[in-house]
Protein chains: 2
Amino acid sequence: MGITKTEIFTEEQNQIAKIAKVIGHPARVAIIEYLIRVDQCICGDLVEEIGLAQPTISQHLRELKNVGLIKGNIEGTSVCYCIDPINWNHIKALFSSFFDTYKNEACDEQCC
Amino acid sequence: MGITKTEIFTEEQNQIAKIAKVIGHPARVAIIEYLIRVDQCICGDLVEEIGLAQPTISQHLRELKNVGLIKGNIEGTSVCYCIDPINWNHIKALFSSFFDTYKNEACDEQCC
DNA sequence: TTATTATATTGCAATATTACGATTAAGTTG
DNA sequence: CAACTTAATCGTAATATTGCAATATAATAA
């Protein structure tokens with residue numbers, strides 16, 4: 001079917017999955033890492049930097065914006081993109097908490 | 001095309017994306033959270049707990065195993081699944097480092 | 001107004017993912 | 001061995017994703 005049964009999962013599970021899915025493409029990881037390195041840039045910079053077509057980059061930017069990882073501000077004919085600081089912290093906390101839930105005490109033998 | 005141009009990205013970017021993609025489905029998040037809660041379980045438990053068909057759960061388990069998030073040990077007719085402690089720590093560190101790369105000093109105004 | 005610049009949107013083609021019924025494989029029990 | 005239990009695999013339908021050419025939109029410059 002290709003369709004996910006979101007209704008049988010919790011809000012939190014769907015939220016983690018939704019954000020992870022967006023991070024789950026190397027182009028979007030590359031965009032994020034570039035944005036962190038240069039603080040802010042426009043779509044054209046990313047097209048040059050990453051080497052995908054402009055519509056493709058634009059599409060990836062939209063998905064990153066949809067989940068709040070980045071934000072964009074119109075500046076004349078171009079759009080200035082950057083990490084969304086507030087949301088970044090929320091998402092970081094969400095994933096920290098997810099990864100911290102597992103405690104591997106003995107780290108070896110207790111598990112199957 | 002539906003095909004990702006992995007060759008134009010770094011190993012690290014592809015690795016983060018690959019793992020995030022696997023976490024990017026609520027059923028797999030639910031499986032992980034359940035495994036953390038109960039320590040270990042068999043496929044049938046997850047079929048009951050989550051409410052997807054057995055082949056579907058089995059498929060999700062394979063993907064989780066492929067990226068090393070979980071491991072499975074054959075025990076009689078059933079397979080005992082659990083979080084892979086060593087890999088979990090690596091992956092946790094990978095994502096911590098990814099999220100920690102961004103420092104939002106002033107947290108507001110410096111960005112566009 | 002007519003370029004020019006920068007980005008978004010549309011419309012595909014190719015491929016991947018999700019889900020499940022049917023079946024297979026492999027160990028266990030009677 | 002035959003029946004049973006448990007999980008993996010196969011095949012397939014429905015849908016989603018990726019990438020890009022072509023086009024549209026929107027602001028600025030000449």
Side-chain angles (χ1 to χ4, degrees), chain A residues 1-9 13-14 17-31 34-35 40-67 70-82 112, chain B residues 1-9 13-14 17-31 34-35 40-67 70-82 112:
Chain A
M1 290 149 185
I3 193 163
T4 298
K5 289 189 167 178
T6 54
E7 71 277 7
I8 66 173
F9 304 106
Q13 287 162 348
N14 282 314
K18 190 173 153 194
I19 295 164
K21 192 174 189 178
V22 169
I23 300 175
H25 192 292
R28 294 191 285 262
V29 174
I31 288 172
Y34 184 73
L35 276 179
Q40 57 186 69
C41 75
I42 63 175
C43 176
D45 296 338
L46 289 161
V47 174
E48 266 203 31
E49 169 74 13
I50 297 187
L52 289 170
Q54 181 267 319
T56 308
I57 296 292
S58 188
Q59 197 171 285
H60 285 309
L61 286 169
R62 184 174 45 187
E63 289 180 71
L64 287 165
K65 219 169 57 176
N66 279 345
V67 296
I70 68 171
K71 59 181 182 171
N73 247 330
I74 298 169
E75 284 186 6
T77 63
S78 58
V79 178
C80 178
Y81 284 101
C82 64
C112 55
Chain B
M1 289 153 187
I3 194 164
T4 297
K5 290 189 165 176
T6 55
E7 72 277 7
I8 65 173
F9 304 106
Q13 286 162 350
N14 281 314
K18 190 173 152 195
I19 296 164
K21 193 176 186 175
V22 170
I23 300 175
H25 191 291
R28 294 191 286 262
V29 174
I31 289 172
Y34 185 73
L35 276 179
Q40 56 184 70
C41 74
I42 63 176
C43 178
D45 296 337
L46 289 161
V47 173
E48 265 203 33
E49 169 73 14
I50 297 186
L52 289 170
Q54 181 268 319
T56 308
I57 296 292
S58 189
Q59 197 171 285
H60 284 308
L61 286 169
R62 183 172 50 188
E63 289 180 72
L64 287 165
K65 219 167 59 177
N66 278 344
V67 297
I70 68 171
K71 59 180 184 172
N73 248 330
I74 298 170
E75 283 186 10
T77 63
S78 58
V79 179
C80 178
Y81 285 101
C82 64
C112 52

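From a predicted model like this one, the values you see are computed outputs, not experimental measurements. We name chains A, B, ... by the order of the sequence lines, and we start the count at 1 in each one.
- For the pair B:Phe9 and A:Val29, the minimum side-chain heavy-atom distance is 4.5 Å or more.
- Note: CG (B:Leu46) to C1' (C:dC20) measures 17 Å, nearest angstrom.
- Here A:Lys18 contributes atom NZ and A:Ile23 contributes atom CD1; the two are 13.0 Å apart, rounded to the nearest 0.5 Å.
- Atom pair B:Asn66:CG and C:dT17:P shows a separation of 11 Å (rounding to whole Å applied).
- For C:dT17, the OP1/OP2 oxygens have no side-chain nitrogen or oxygen of B:His60 closer than 4.0 Å.
- A:Ile31 has its CD1 atom 10 Å from the P atom of D:dG19, to the nearest Å.
- Rounded to whole Å, atom P of D:dA7 lies 18 Å from atom CD of B:Glu63.
- A straight line from CD of B:Gln40 to C1' of D:dA7 spans 17 Å, rounded to a whole angstrom.
- In summary, of the residues considered (B:His60, B:Arg28, B:Lys65), a side chain to side chain contact (heavy atoms under 4.5 Å, CB included) with B:Val22 occurs for B:Arg28 alone.
- If you check every strand for non-hydrogen atoms under 4.0 Å, A:Ile74 touches nothing.
- Remark on DNA chain D: of its neighbouring residues A:Leu52 and A:Glu75, the 5'-side contact belongs to A:Leu52, judged by nearest-heavy-atom nucleotide.
- Judged by closest nucleotide on DNA chain C, B:Thr4 is the one of B:Ala53 and B:Thr4 placed further toward the 5' end.
- For the pair B:Lys5 NZ and D:dC20 C1', the computed distance is 9 Å after rounding to whole Å.
- Side-chain atoms of A:Thr4 and B:Pro26, non-hydrogen and from C-beta on, do get closer than 4.5 Å to each other.
- Between B:Lys21 and C:dA16 there is no side-chain N or O to OP1 or OP2 distance below 4.0 Å.
- Side-chain atoms of B:Tyr34 and B:Asp45, non-hydrogen and from C-beta on, do get closer than 4.5 Å to each other.
- Qualifying disulfide bond (SG atoms under 2.5 Å apart) partners for B:Cys82, counting only residues two or more places apart in sequence or in other chains: A:Cys111.
- Atom pair B:Ile3:CD1 and C:dA16:P shows a separation of 5 Å (rounding to whole Å applied).
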- prompt: Nucleotide by nucleotide, 5' to 3', does protein get under 4.0 Å of the base (B), only the sugar-phosphate (S), or neither (-) in nucleotides 3-10 of chain C, counting heavy atoms?
  reply: --BSBBB-
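- Listed by chain and number, the residues in a salt bridge (Lys or Arg N to Asp or Glu O under 4.0 Å) with B:Glu75 amount to none (sequence neighbours excluded).
- Distance A:Lys18 NZ to D:dA16 C1': 15 Å, rounded to the nearest Å.
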